[in-house]
Amino acid sequence: MDLHSLRQDRIDKLNEIRSIGWEVYPYKFNRTHTAREIVEKFDELADSVTVSAAGRLRLIRRMGKASFADIHDQSGKIQLYFKKDDLGEEPYNIFKLLDLGDIIGVEGVPFRTRTGEITIKIKRFEILSKSIRPLSDKWKGLRDQEMRCRQRYLDLIMNPQVREVFIMRSKMLSSCRNFLEERGFLEVETPILQPLYGGALARPFITHHNTLDMNLYLRIADELYLKRLIVGGFDKVFEVCKDFRNEGMDRTHNPEFTMIELYEAYSDYNDMMTLIQEMILRMADEVLGSRQLTYQDISIDLTPPWPRRDYCGLAKEYAGIDVLSYGDEELRDCLKKLNRDLDTSKMNRGKLIDELFSKAVEEHLQGPIFITDFPIELSPLTKVHRNNPKLTERFELYLFKKEVANAYSELNDPLEQRERFVQQVRWLESGDEEAQPMDEDFLRALEYGMPPTGGMGIGFDRLVMFFTGQPSIRDVIFFPQLRPEEFAAPEEFEEE
RNA sequence: GGGGGUGUAGCUCAGGCGGUAGAGCACCGCCCUUUUAAGGCGAUGGUCGAAGGUUCGAGUCCUUCCACCCUCACCA
């Protein structure tokens, strides 16, 4: 049967049910119990109490004058028993017109079948929503990766594990919020549409405001706005921010993604290390109930303290390179040795160092591990290291060879910040599309004085991937970006 | 952007060296009043991703294109 006939079949049934006088899309239904509650409270309810429940019909086993069916609600599933003698002639005939996927409300008494399954013996039922499109295979579910993303609702109906992943995502976010709020952090909201972008090294999305007749950028990070709030006297702030970066997409990158950024006045990057360690442990304890994190057959132990290794030391150990004393040309040569196809001619010093590190070192960082004290070229918004002017007080946290957090002692010297911006602008003008533009308004804010501050950004989607064992970022974002689909309208509308 | 893979019924998948398109589930009909992916009998259902080409003949071979997946490049 082709889709059109299957759909038309269901529309015909819908009309037949209506013609008998039953409502097909009513306004409301009163439930007394969820599926799970009926199972949990079965001893109090059995064979005596009339309960009502509602959900989507997922299986029907018809046996002539009596039938079993399973409905699913958010809590789980419950079996229903429809018996012609109990329901009467007309309702039982209506029941025969139901399809898998319909949403129904039922009323009846819980009992246990011969085989021991808790079941509602239906006295009365209502159709709450008639489904006119068939679900996927009842046993195999929905496998097609593309359809799973495009029609996430169908994925959620058919594949119960998917629901669990997103429930865990939600729990992780609450755990995070609770953790920060308990420590006096205030959740804030800052602009997504920004006249200037900044706070990270990435290419932005550009959009246009008609009334102002100006281009606006979708934010690539919140950093510069949150620091303005620190200037304004909020000592501890965080934001759960959707950021947008106009770059490649793959297993660990979606154009829009979620970052948790937080800033704490009178702290430095050492405090941030302690904080993220406690925060992730809290999530692990609350959401996983374990401090072992297993991802794709690799297990890591989150028991603190997590090792700290400095950036230059790791570069020396794994690449044999002394990042600080090498000149640009020497760095270029080293990079050529690691990857001869790479075009290094347009790379500035920051890019060269960054490239070397990710080629030679990253693969060793199973984690949890803090990489500390990055070269100054990589970190235009970070305070110079208190013991070494070529370094900055910055760290990245790695789990399973991937960066999941990035933090610094925030640069609060407005004059030095201006110089760093000038360098970025030079790189921007020489073709580095990821360098940052000058932000005079941000500099003006710093000139009023920002306290010493520790700040951090946490790649939330990746953290969810690792906690839930999902291989792709697309599995932890409800509606990941895909190319638009070509749509054919249902046949009955095609002529109009 | 480079390389590799996938695309066949509503869903999940088979289709050897080119010879009339297959299964399970779903759907439809009949039987069945405690089933468990209920069962039994029967029927329907296809622009084989799209467009070209080779051939007497293409799901199968060739070319181009589209979408998705993996991988590399780039980034977070």
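A quick note: this is a predicted structure, and the numbers were derived from the prediction, not measured. Order of the sequence lines fixes the chain letters, A, B, ..., with proteins taken first and strands second; residue numbering starts at 1 for each chain.
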Nearest to the side chain of [X], which nucleotide is it out of [options]?
X	options	answer
A:Thr113	B:rG10, B:rU34, B:rC69	B:rU34
A:Glu355	B:rU35, B:rA76, B:rC74	B:rC74
A:Asp250	B:rC74, B:rU12, B:rU33	B:rC74
A:Met63	B:rU34, B:rC27, B:rU12	B:rU34
A:Leu142	B:rU35, B:rC28, B:rC11	B:rC11
A:Glu247	B:rC70, B:rC27, B:rA76	B:rA76

> Under the criterion side-chain hydrogen bond (donor to acceptor under 3.5 Å, both in side chains), which of A:Thr382, A:Asn406, A:Thr372 is the partner of A:Arg394?
Replying inline: A:Asn406
> If we ignore angles and hydrogens, is there a donor and acceptor under 3.5 Å between the side chains of A:Glu90 and A:Tyr92?
Replying inline: no
>> Could you tell me if A:Asp12 and A:Gln8 have a donor-acceptor pair between their side chains, going purely by distance under 3.5 Å?
In response: yes
>> How would you summarise protein contacts on nucleotides 4-9 of chain B per nucleotide, using B for base, S for sugar-phosphate only and - for none, with heavy-atom distances below 4.0 Å?
In response: ------
Give a yes/no on whether any side-chain N or O of [X] is located under 4.0 angstrom from OP1 or OP2 of [N].
X	N	result
A:Arg483	B:rC66	no
A:Arg61	B:rU35	no
A:Arg62	B:rU33	no

Can you give me every donor-acceptor pair (side chain of residues 38-49 of chain A, partner residue at least two apart or in another chain, under 3.5 Å) with its distance?
| from | atom 1 | to | atom 2 | distance (Å) |
| --- | --- | --- | --- | --- |
| A:Ser48 | OG | A:Leu45 | O | 3.3 |
| A:Ser48 | OG | A:Ala46 | O | 3.3 |

> What class does the angle between the rings of A:Phe466 and A:Phe400 fall in, given that below 30° is parallel, 30 to 60° is tilted and above 60° is perpendicular?
Replying inline: tilted
>> Which label fits A:Phe395 and A:Phe370: parallel for a plane angle under 30°, tilted from 30 to 60°, or perpendicular past 60°?
In response: perpendicular
> With a 4.0 Å cut-off, would you call A:Glu261 and A:Arg219 a salt bridge?
Replying inline: no
Which part of the nucleic acid, if any, lies within contact of [X], taking any heavy atom under 4.0 Å across all strands shown: a base, the sugar-phosphate backbone alone, or nothing?
X	result
A:Arg150	sugar-phosphate
A:Asn254	base
A:Lys84	nothing

>> By the rule that syn is within 90° of 0, classify the base conformation of B:rC17 as syn or anti.
In response: syn
